[in-house]
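Just so we're on the same page: letters track the sequence lines, and every chain starts at 1.
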There are 2 protein chains.
Amino acid sequence: MFTLSEENYLKTIYHLGLNSEIGVSTNEIAKKMQTKASSVTDMIKKLSDKDLVVYKKYKGVKITDFGRNTAANIVRKHRLWEVFLVEKLNFSWDEVHEVAEQLEHIKSPKLINELDALLGFPKQDPHGDPIPDKEGNYHPLEKKLLATLSIGEKGICIGVNDSSSEFLQFLDKQKIALGNQIKVLGKEPFDDSIQIQIANRELSVSNKIASNLYIKIHHGS
Amino acid sequence: MFTLSEENYLKTIYHLGLNSEIGVSTNEIAKKMQTKASSVTDMIKKLSDKDLVVYKKYKGVKITDFGRNTAANIVRKHRLWEVFLVEKLNFSWDEVHEVAEQLEHIKSPKLINELDALLGFPKQDPHGDPIPDKEGNYHPLEKKLLATLSIGEKGICIGVNDSSSEFLQFLDKQKIALGNQIKVLGKEPFDDSIQIQIANRELSVSNKIASNLYIKIHHGS
DNA sequence: ATTATTTTTTAGTCTTATCTAAAATAATAT
DNA sequence: ATATTATTTTAGATAAGACTAAAAAATAAT
């Protein structure tokens with residue numbers, strides 16, 4: 001078994017290394033974890049001793065298959081707990097993360113499998129992120145630009161393409177925030193504007209806006 | 001907030017001090033927590049610094065009102081999680097303790113209040129122990145050990161003294177469950193075993209068993 | 001190619017929670 | 001009342017995980 005600290009470092013390395021072939025740098029980890037590079041080096045050695053990562057001095061770390069599997073299992077627990085909090089305990093999407101950070105470290109295979117069943121084996125968490133299965137496999141998130149969605153599709157606003165302050169200020173003014181659930185109500189062929197429902201309001205946004213907003217697709221309920 | 005270790009010590013002191021006016025001794029705590037007396041002394045000082053207990057050298061500790069409240073809140077969480085595990089996640093009563101020991105340290109008032117509501121504000125955990133309310137108050141059960149009942153007395157099995165999984169599994173094997181109606185048919189002076197009627201079966205149980213089963217007495221009819 | 005800068009590692013310190021061994025105090029027995 | 005025994009505390013050590021400051025290695029700039 002691993003300590004709380006080991007699990008948190010491993011999880012960070014897992015996330016940072018997801019979309020890159022090369023190793024994750026010490027500084028990257030330190031920045032993400034709000035700690036010092038020297039602390040990271042210390043911990044990396046421990047993770048390496050436990051075969052969770054491969055470490056070469058000054059070359060960063062690469063997660064092993066074993067490490068990836070272990071990390072995916074922690075992520076699985078985190079996201080299942082998030083679903084539980086939203087679906088069963090009336091949490092809103094922005095309240096769940098902190099509590100899930102604690103719950104993800106609870107050790108009990110039976111607990112997490114039964115929880116999975118209670119929730120009806122969900123495939124995504126409240127933020128639209130995929131939930132790994134017991135083997136650590138999952139379907140990577142489908143991320144689309146709002147402009148490419150069809151009528152009826154819904155999802156969650158997760159990022160912007162153009163991160164200029166004008167655009168971000170516009171989003172603020174329209175009360176469009178990261179994490180907001182968005183549903184496409186209609187599309188206007190004349191100017192390619194899009195009618196959306198967001199946070200219980202209806203809104204029409206221009207094609208330019210819609211081409212700069214990333215949406216995580218929500219399948220099913 | 002308190003560390004995991006502090007919470008565990010406090011909980012032990014709370015339980016050990018429940019039925020006594022005098023302080024809880026260092027050795028008592030050490031024995032219960034499977035640790036050394038010197039470690040207990042160290043921790044006691046920390047708890048004292050945080051006003052959770054009153055400590056006088058060589059005189060043991062007494063829990064403060066603040067400490068009792070804090071401990072009761074941990075116990076509340078422990079027992080609510082136990083109910084959750086049994087009611088919602090198909091755990092049996094002998095499987096819940098270990099997991100609840102982990103879950104009781106999760107920090108989120110909203111989580112525990114919502115969990116309470118989800119479970120319908122239960123008053124007892126799966127072992128029959130009372131669940132403190134938010135203020136730390138609870139109604140202690142009017143209960144007797146089976147071993148102390150006289151012939152003819154009857155009641156309902158509502159709790160256990162020893163909640164080790166061996167004992168709980170034994171009860172399961174004998175099909176003795178919480179809520180079962182029990183009547184004392186006879187007592188054997190030779191070995192102090194007791195003949196009981198339970199769920200339409202007749203059964204002889206040893207004195208050791210009878211000394212670990214709590215019965216709520218059925219007065220009248 | 002040799003500086004300069006940035007990144008990473010090492011070395012040493014601190015805190016928390018544990019331990020062992022020894023000293024201090026309390027309780028018990030004669 | 002004093003000696004013996006048991007309990008509790010202190011002192012010093014260890015391991016995990018964090019830190020600071022300085023050294024070493026890699027990267028970037030001239």
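Distance, A/Lys31 NZ to C/dT7 P: 10 Å, rounded to whole Å. Remark: P of D/dA16 and CZ of A/Phe2 are 15 Å apart, rounded to the nearest angstrom. Whole-Å rounding puts the A/Asp49 CG to D/dG17 P distance at 12 Å. A straight line from NZ of B/Lys59 to C1' of C/dA24 spans 14 Å, rounded to a whole angstrom. Rounded to whole Å, atom P of D/dA25 lies 6 Å from atom OH of A/Tyr58. B/Asn27 places its CG atom 13 Å from the C1' atom of D/dT5, with the value rounded to the nearest Å. Spacing between atom NZ of B/Lys56 and atom P of C/dT25 amounts to 17 Å, rounded to whole angstrom units.
The ring-ring contact (aromatic ring centres under 6.0 Å, His included) analysis of residues 46-66 of chain A, with sequence neighbours excluded, yields no pairs.
The pair A/Lys134-A/Asp116 does not count as a salt bridge, with every side-chain nitrogen at least 4.0 angstrom from each carboxylate oxygen.
Taking the six-membered ring where the residue is Trp, B/Phe84 and B/Trp81 present perpendicular rings, their angle passing 60° and hence far from 30°.
For B/His139, the NE2 atom is loosely surrounded, since the number of other residues' heavy atoms within 6.0 Å does not exceed 12.
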### Query
What one-letter contact string describes nucleotides 10-22 of chain C from 5' to 3', where B marks a base within less than 4.0 Å of any protein heavy atom, S marks contact via sugar-phosphate atoms alone, and - marks no contact?
B-----SSBBB--

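For the pair B/Tyr14/B/Thr70, no side-chain contact is recorded, criterion being any heavy-atom separation below 4.5 Å from C-beta on.
The partner of D/dA29 is C/dT2, by the rule that a Watson-Crick or G-U pair needs both atom distances under 3.5 Å.
The backbone N or O of B/His105 sits less than 3.5 Å from a side-chain atom of B/Lys107, completing a donor-acceptor pair.
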